[in-house]
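What's counted below: heavy atoms across the whole structure, side chains too, no hydrogens, waters or symmetry copies. No experiment lies behind these values; they were computed from the predicted model shown. So you know, we letter chains A, B, ... as the sequences are listed, proteins then strands, and number each from 1.
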Amino acid sequence: MDQKNKELAKIFNRIADALEFQGANVFKIIAYRKAARVLDELSQDVEVLSKTNKLSDLPGIGKAIAGKINEYLTTGKMKKYEEVTKDIPGTLFDMLDIQNLGPKTLALAHKKLRVKNLNDLKKAIKNGRLAKLPQMGEKKVENIKQGLDLYERAHERLSIAVAQNVAREIIEYLKKNTEIKDISAAGSLRRWKETVGDIDILTTGKNGAEIIKIFTKFPMTERVLAAGETKSSIIVKGGIQVDLRIVKPKSYGAALQYFTGSKAHNIKLRNIAKSKGLKLSEYGVFKGKKMVAGKTEKEVYKILGLAYVPPELREDRGEVELALKNKIPKFIEMKDIKGDLHMHSTYSDSTATIRQLTDFAWRFNYEYILVTDHSQSAKYAHGLEPKRLYKQWKEIDKINKRSKKSRVLKGVEVDILKSGKLDYPDKILKRCDVVVAAIHQGFTKNVTERICAAMDNPYVDIIAHPTGRLISQREGYAINLHKVMEHAAQTGTWLELNAYPDRLDLNDVYLKIAKEMDIKISIGTDAHSIGALLWMKFGVAQARRGWLEAKNVVNTYSLKKLQTMRKINKNRIE
DNA sequence: GCCGTTTTCGGCCCGACTGTTTTCAGTCG
């Protein structure tokens, strides 16, 4: 989906890399990067915008870049791209990801030492020639070498679940061993981004150097990258980088705002500050030399004339404009969730019995849960043939008899088979309270058509993990998500936001599109253990990042309402 | 290369840290 959007984003980023490498005008580079980001997150098809001459309406895309987009869409090529990348070996671009090795140094090494790839770089380090270049020295080379080590350890972005755990441990450690008052994770972790590059932690305290000394002695520390008075970076076990910043209490809000980002969001804010004759930095909002705000984030936004923007929204996807007009809606929260619509029991491949699932789930004050074990073809997951399914239903009936307040619903996660048929006949699906359908086989075979066919079935309520991606592990199915979403809107089928941290599928950008298309979303944990029921929070955070309000999410509705909203009932009522 | 309630030219967010320097460049966030 949006293949061209992504392709063009990559190309513009590559052009930016090349220009950086050549030492071109910094602002030109920024312009290309911005265009790349806008395209990457665009909720419309770039080809449609191109045909209707609307490209230049997009922020960051002017006449020149619009022209390049049109050129690429019509000819499949872009002269500028070919020109700037002509003399740079492709392998060099990837090397820009090596820490402490920036475009300037890499260009110099390329020019003077003919470094073209990782091996060349290693040689240049070993034989001492890199250290002899101007502005270089032993320590710089040592830092590059360490960056190279990290890079070679397949430095991947962390899943948000892992990052949250590490951050929690460090915060607890610092609280125990130092005299700090305010402390918080910042950065993409605080924005609940699905993956996190490194962990940012912000705190206030009097003796910065002392706090940093203790920070660098965190038991899991592998290496200390920097340790100053107010700022320190360490690498902890697993190659995870953790940055700590210390500010004065009066700057805490401004600093939290600043270090939470995103960068694009912050740049917008700084521009707004400027237009009001103010200056915004991590130390506060200043009018001339006088500090006028900074203790809390709320007052920072307020003095800029903006409504408070929740961290999950801060991606420069229109939230600043909304905040200027004071039109930030009330987004979904954990307390809106009335049930979990995707989980497994020991009947198929989970470690939790239905009894355990219910006991645990009722702690969250849910009104209902939907048990959705795998269907018969999913042999690997001990999928249920009809006989065992009926047995499970009997057990559910028993449990429901005892509970007055909450209800266990009978569901299935029915496989969409390679043939395009569903793994249970309609007469079984008909008897379920809610039906979840999903692809678990044939990831490349007519996936779009098969999912659409499943949505045509009147008993299928939800398509689970619609793209099938596993973050950092597997690309999604070969699927035309545009078509799938259109068909979901037409048939009134709900799409899942799978809260499993490695899935988070649909992602934030598509959720926002789904909202615009008035498609209802179902958040399910896909729990295979009782602990995984807690993952609902990742789903809700992702939903907020996709601008979803409670009304867009079916499991914020009461059970009664939920039932009337099913396809089969809706048709009868409306 | 983008953009406009000072502007169609001249800005473009702002600062910390490090290492190599003798006043600053490169990198990072």
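Counting to the nearest Å, the P atom of dC28(B) and the CG atom of Leu244(A) are 20 Å from each other.
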Interface polar pairs with nucleotides 6-12 of chain B, N/O, under 3.5 angstrom:
from	atom 1	to	atom 2	distance (Å)
dC12(B)	OP1	Lys274(A)	NZ	2.7

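Evaluation of the salt bridge (charged side-chain N to carboxylate O under 4.0 Å, His left out) rule for Lys335(A) yields Glu333(A) as partners, not counting sequence neighbours. Listed by chain and number, the residues in a side chain to side chain contact (heavy atoms under 4.5 Å, CB included) with Lys68(A) are Phe12(A), Tyr32(A), Ala64(A), Met78(A), Lys80(A) (sequence neighbours excluded).
Taking every heavy atom of residues 161-172 of chain A and every atom of DNA chain B, no pair lies under 4.0 Å. Sorted by residue number, the members of residues 102-134 of chain A with any non-hydrogen atom under 4.0 Å from DNA chain B read Gly102(A), Pro103(A), Lys104(A), Thr105(A).
Taking atom P on both dT7(B) and dC2(B), the two are 22 Å apart, rounded to the nearest angstrom.
The side-chain hydrogen bond (donor to acceptor under 3.5 Å, both in side chains) analysis of residues 83-98 of chain A, with sequence neighbours excluded, yields no pairs. Residue pairs meeting the side-chain hydrogen bond (donor to acceptor under 3.5 Å, both in side chains) criterion with at least one partner in residues 18-31 of chain A, sequence neighbours excluded, are Glu20(A)-Arg33(A). Within the structure, no pair that satisfies the ring pair (Phe, Tyr, Trp, His ring centres under 6.0 Å) test touches residues 65-97 of chain A, not counting sequence neighbours. Sorted by first and then second residue, the ring pair (Phe, Tyr, Trp, His ring centres under 6.0 Å) pairs with a member in residues 161-183 of chain A read Tyr173(A)-Phe218(A); sequence neighbours excluded.
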List the atom pairs, donor and acceptor, that lie under 3.5 Å between side-chain atoms in residues 127-143 of chain A and the rest of the protein, sequence neighbours left out.
from	atom 1	to	atom 2	distance (Å)
Asn127(A)	OD1	Arg129(A)	N	3.0
Asn127(A)	ND2	Lys123(A)	O	3.3
Glu142(A)	OE2	Gln146(A)	NE2	3.2

Name each donor-acceptor pair under 3.5 Å that joins a side chain in residues 249-257 of chain A to protein atoms two or more places apart or in another chain, with its distance.
from	atom 1	to	atom 2	distance (Å)
Ser251(A)	OG	Tyr283(A)	O	2.8
Gln257(A)	NE2	Asn266(A)	OD1	3.1
Gln257(A)	NE2	Tyr301(A)	OH	3.2

Exercise answer: donor-acceptor pairs, residues 224-235 of chain A side-chain atoms, under 3.5 Å, sequence neighbours excluded:
from	atom 1	to	atom 2	distance (Å)
Ser232(A)	OG	Ala226(A)	O	2.7
Ser233(A)	OG	Asp243(A)	OD1	2.7

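A side-chain donor-acceptor contact under 3.5 Å links Asn5(A) to the backbone of Val46(A).
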